[in-house]
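A short write-up of the structure that comes next.
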Amino acid sequence: MEQWTTRRVALLTLTVGIVLYLVYYVPGAVAHFVDRVWDVVVILILATALAVLLSPAVGFLCRVRLPLPARLQRVAATLLAMVGCVALLWLVVSLMATQLFHETEGILQVSKTWLAQAPTQLQMWLDAHSADFPPEVVSRVAGAATQMTQSLLQYQFGFAKGALLRGWYIVELLIVPVLAFYFLIDGDALRNGTIASAPKRYRQFVRDALSDVSAVLHSYVRAQVLLCGGVAVAVGLILKLCGVSTYLSLAVLAGVLRMAPIVGPIVGGVFCVGLPLIQNGVHTGLVVLLCYWLLFVVDGKLLTPILLAGSAMLHPVLVIISLLLGYEFFGVLGLLVAVPAAGILRALYLRYRQAFVDTTDDADAIPTQGADAERTGAEPAV
């Protein structure tokens with residue numbers, strides 16, 4: 001048997017050590033790096049969305065004739081639009097804050113009371129129908145219901161605590177308006193610089209791709225703002241007319257959840273229908289359910305296709321897959337950016353095919369047609 005040299009043993013030991021280091025430490029380092037990169041991506045997405053929302057106001061103010069240089073006028077218009085946006089948000093919050101606070105407190109109290117009473121009511125129903133079910137099924141169902149309600153009650157506090165401690169970063173949120181400010185005043189310069197940095201043969205593709213991405217973002221962000229605001233107003237009116245006391249908080253919740261297509265309205269419907277059903281009775285719950293379903297149909301079949309105008313339109317299956325992937329990898333914020341990200345990828349793929357794949361197929365088809373004409377003795381088509 002050949003005896004290993006000291007050099008071979010040292011090389012093997014070093015290799016094993018490197019492999020073990022990669023196995024045990026690199027995944028954590030990569031995960032940490034991905035988390036930090038995702039934080040930056042979220043900031044860029046929020047800043048881009050804010051810039052898209054303010055761009056119509058900035059463009060309108062820039063068209064006002066003032067004795068100022070063009071760049072200085074755009075800076076002034078951007079600052080004025082941001083100040084106006086902050087003032088509008090402050091006005092809305094000041095008008096709604098007190099009622100929202102009382103309604104949210106009432107909703108939490110009703111939810112806790114109902115969750116605390118649900119196991120007892122379920123146990124009474126199971127006792128009344130115990131002859132229809134085996135005893136072990138009755139005990140398992142009652143135990144599972146008790147455990148589920150306790151978990152939900154604990155989850156309310158845990159979710160709020162996690163959102164306060166991990167979900168909101170004050171410094172990062174302050175960076176968002178700063179980035180949006182520079183996107184608004186230097187958007188054309190950034191776009192031209194990106195095009196100029198690409199190789200000459202790809203500059204037209206980059207120019208068209210940036211235009212497609214801009215069209216998708218503008219269409220999606222503005223459509224979402226209009227749709228979320230419209231849904232919030234419609235749900236608030238429906239609940240107010242039905243006599244639901246917590247109409248404002250449920251309307252805001254429905255508008256916020258509308259940002260996640262397909263899944264958001266369904267989750268919002270659980271709250272907007274479930275709470276009136278508990279508070280106001282079965283009749284009110286059924287009326288709210290019917291009105292909410294009609295609103296859901298009008299939103300999905302009429303308003304959304306018109307407002308998005310095909311820029312970010314995806315098949316519902318692709319939307320659901322995008323939402324699942326976004327939530328799986330990036331959490332709640334992934335739900336908000338999954339659909340526009342999928343729309344951007346779709347637009348880039350279509351532009352890539354138009355610029356490279358389809359033109360190559362057309363170029364390959366021309367000699368083939370000529371060769372077929374020579375073999376058949378016919379004249380090639382002009």
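Numbers here are sequence positions counted from 1.
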What about Phe296 and Ile238, same hydrophobic cluster or not, with Ile/Leu/Val/Met/Phe/Trp/Tyr joined at side-chain heavy-atom distances under 4.5 Å? no
Are Val267 and Leu239 connected into the same hydrophobic cluster when the rule is that any two of I, L, V, M, F, W, Y join if their side-chain heavy atoms are below 4.5 Å apart? yes
Drop me the distance from Ser219's OG to Gln224's CD, to the nearest 0.5 angstrom. 9.5 Å
Linked, directly or transitively: Leu237 and Leu227 (ILVMFWY side chains, under 4.5 Å): no
Is the shortest side-chain N to carboxylate O distance from Asp186 to Arg74 below 4.0 Å? no
Is Phe271 atom CZ crowded by more than 12 heavy atoms from other residues, nucleotides or ligands, each under 6.0 Å away? no
If you take the centroid of each ring, where Trp contributes its six-membered ring, are Tyr202 and Phe356 closer together than 6.0 Å? yes
Evaluation steps, side-chain contact (heavy atoms from CB on, under 4.5 Å), between Tyr220 and Val339: CA-CA 9 Å; Tyr220 188 82; Val339 176; 3.7 Å; yes
Check: Leu295 main-chain N/O paired with Asp299 side-chain donor or acceptor under 3.5 Å: no
Determine whether Leu294 and Leu289 fall in the same hydrophobic cluster, where Ile, Leu, Val, Met, Phe, Trp and Tyr are linked whenever their side-chain heavy atoms lie under 4.5 Å apart. no
Run Cys85 and Leu54 through side-chain contact (heavy atoms from CB on, under 4.5 Å) and show every step you take. CA-CA 8 Å; Cys85 181; Leu54 296 179; 4.0 Å; yes
To the nearest 0.5 Å, what is the distance between OG1 on Thr78 and CD1 on Ile185? 6.5 Å
Looking just at side-chain N and O atoms, do Thr194 and Arg207 make a donor-acceptor pair shorter than 3.5 Å? no
Heavy atoms only: give me the nearest Ala51-Phe183 pair and the separation to one decimal. CB-CB, 4.0 Å
Mind listing the closest non-hydrogen atom pair of Val221 and Ala49 along with its distance? CG1-O, 3.9 Å
Does a side-chain heavy-atom distance below 4.5 Å link His283 with Pro276? no
Can you tell me how far apart CG (Leu179) and CD1 (Ile45) are? Round to the nearest 0.5 Å. 12.5 Å
Shortest non-hydrogen contact from Ala338 to Ser322? CB-O, 3.1 Å
On a heavy-atom basis, the closest approach of Pro265 and Tyr292 is O-OH, 2.6 Å
Using every non-hydrogen atom in the two residues, find where Ala232 and Gly255 come nearest and quote the distance to one decimal. CB-CA, 4.1 Å
Between Ser214 and Ser211 (side chain of the first, backbone of the second, donor and acceptor by atom type, cut-off under 3.5 Å), is there such a pair? no
Mind checking whether His218 and Ser55 have side chains closer than 4.5 Å, heavy atoms only? yes
Check whether any side-chain heavy atom of Ile266 lies under 4.5 Å from a side-chain heavy atom of Leu257, and answer yes or no. no
What heavy-atom pair brings Ala254 and Cys272 nearest, and what distance separates the two atoms? CB-SG, 3.9 Å
Point-to-point distance, once rounded to the nearest 0.5 Å, from CG of Leu348 to CZ of Arg353: 14.5 Å
Side-chain polar contacts of residues 240-253 - donor-acceptor pairs under 3.5 angstrom, sequence neighbours left out - could you list them?
unit_1: Tyr247; atom_1: OH; unit_2: Gln99; atom_2: NE2; d: 3.3
unit_1: Ser249; atom_1: OG; unit_2: Glu103; atom_2: OE1; d: 3.0
unit_1: Ser249; atom_1: OG; unit_2: Thr246; atom_2: O; d: 3.3

Please report the interatomic distance CD1(Ile195) to CZ(Arg203), rounded to the nearest 0.5 Å. 9.5 Å
Does the pair Leu46 and Leu50 meet the rule for a side-chain contact (heavy atoms from CB on, under 4.5 Å), with working shown? CA-CA 6 Å; Leu46 294 177; Leu50 180 59; over 6 Å; no
State plainly whether one hydrophobic cluster holds both Leu61 and Tyr182, where clusters connect Ile, Leu, Val, Met, Phe, Trp and Tyr through side-chain heavy atoms under 4.5 angstrom apart. no
Sequence neighbours excluded, every pair satisfying ring pair (Phe, Tyr, Trp, His ring centres under 6.0 Å) that has a member inside residues 222-245: none
Interatomic distance, Leu277 atom CG to Thr284 atom OG1 [nearest 0.5 angstrom]: 9.0 Å
Is a side-chain donor or acceptor of Gln73 paired with a backbone partner of Val64 at a separation under 3.5 angstrom? yes
